[in-house]
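Read the structure below first, then the notes.
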Amino acid sequence: MQIYIDTKNSYKENELKEIAFGMKNGKLCLFPTETVYGIGTNGLDPKAVEKIYEVKKRDKKNPINLLVSDFTMIEQIAQDISPVEYQLMEAFFPGPFTIILKKKSIVPDIVTAHSNFVGVRIPNNKIAKKLVTLAGVPLATPSANISGKLSGTKLTDIIEEFSAYLDFAIDGGESNIGMESTIVRVIDQIPHILRPGFITPAQIKSVAGNVILEDNKNDFLPSSSLNHYQLNCKTTLVYDKDPKQMANKIIELSKDYANSFVLCCKENLNLYPSSNVMAIASKDNLKEFSKNLFSCLRYASSFSPDMLFIEGIHKDGIGIAIMNRLEEICEKKYINLQ
């Protein structure tokens, strides 16, 4: 690794310029965004993008989204943009929102897995925004994780996996959101949510007048053919709107295991007699829940439990995206008691 910088408190403009110039010329950088950490390079350079696939051990059938700086850059890489697509971008850019657009030929096929569409996002993180602006090209930037593993919300969680392959690494502290972006594709003037995220169905509907939340895997979705959230332990998701009944069910199930671990809501912590229990956040603070989720999962799995039990939450607002991730993590092993 050539350059490592810590930007949690401050940074020098020249350092970011050097890194952005390197990325424009095909070098790899691990850097923060508001969602999760990303690993990025010049999205218009096929050889550079290929390095991302190799480093992440990513199937080339899975497309990579592009980070862009502004609408001018979007119009350089996308065509036939509809009024609805513009409305959505104007409402949610910059931010944790990715939209699938018809690509121009300038976008390499390796980025889009040979489809005619590309995912674009304007990030709302000062470092990510500065890098793509200084680079002057779209940055191919998937989440910074070995394919199939948890995305990273702290540099320290992922740096060892990539340090041998990186040219640059930027530590921007903990991700503010902690969950990958909402991905939307507009079909027949209706936004289809391909992956739920921090931008909720209700927010999208308020802009476009309609929305469809898809529940199946989609070819336009990164990592659509893989389980994107594999842990090194077995997992079970349990949900009941009655917290005592939910806790009692988990306690009952845990008797079959010698070394179980529980991730729960803060309000329910005292319902569990075991010391192997950790609160993610309050069930009423889903922003904190989202931010803490992946780091708590990493911590719990570090104990190598023979079963990790996770409390579910109500599927409303951001809760839809949180439960989407938890169901993926638990590979559909989901006990719904309500």
**OP:** Please report the C-alpha distance between Ser274 and Asn276 in whole Å, then the side-chain angles of each, then the deciding distance to 0.1 Å, and finally whether the side-chain hydrogen bond (donor to acceptor under 3.5 Å, both in side chains) criterion is met.
**Re:** CA-CA 5 Å; Ser274 169; Asn276 290 343; 4.5 Å; no
**OP:** Test side-chain hydrogen bond (donor to acceptor under 3.5 Å, both in side chains) on Ser181 and Thr98 and set out the steps.
**Re:** CA-CA 6 Å; Ser181 63; Thr98 297; 2.8 Å; yes
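Phe303 and Phe294 fall within the same hydrophobic cluster, where Ile, Leu, Val, Met, Phe, Trp and Tyr residues are linked whenever their side-chain heavy atoms come under 4.5 Å apart, directly or through other members.
The neighbour count for Glu54 CD, taken as heavy atoms of other residues, nucleotides or ligands under 6.0 Å away, is above 12. Counting heavy-atom neighbours within 6.0 Å of Asp188 CG, excluding the residue itself, gives a total of 12 or less.
Among pairs with a residue in residues 93-116, those fulfilling salt bridge (Lys or Arg N to Asp or Glu O under 4.0 Å) read Asp80-Lys102, Lys103-Asp109, at least two apart in sequence or across chains. Identified under the salt bridge (Lys or Arg N to Asp or Glu O under 4.0 Å) test for residues 29-43, with sequence neighbours left out: Glu34-Arg121. Screening residues 13-38 for ring pair (Phe, Tyr, Trp, His ring centres under 6.0 Å), with sequence neighbours left out, gives no hits. Pairs passing the salt bridge (Lys or Arg N to Asp or Glu O under 4.0 Å) check and including a residue from residues 16-31, sequence neighbours excluded, do not occur.
Residues satisfying the ring-ring contact (aromatic ring centres under 6.0 Å, His included) criterion with Phe92, sequence neighbours excluded, are Phe97. With sequence neighbours left out, Phe198 forms a ring-ring contact (aromatic ring centres under 6.0 Å, His included) with no residue at all.
With respect to Lys315 and Glu327, a salt bridge is recorded, a charged nitrogen being found less than 4.0 Å from a carboxylate O. Lys8 and Asp6 are joined by a salt bridge, as a carboxylate oxygen and a charged side-chain nitrogen come within less than 4.0 angstrom of each other.
Residues Glu161 and Leu30 form no side-chain contact, since every pair of their non-hydrogen atoms from C-beta on lies 4.5 Å or further apart.
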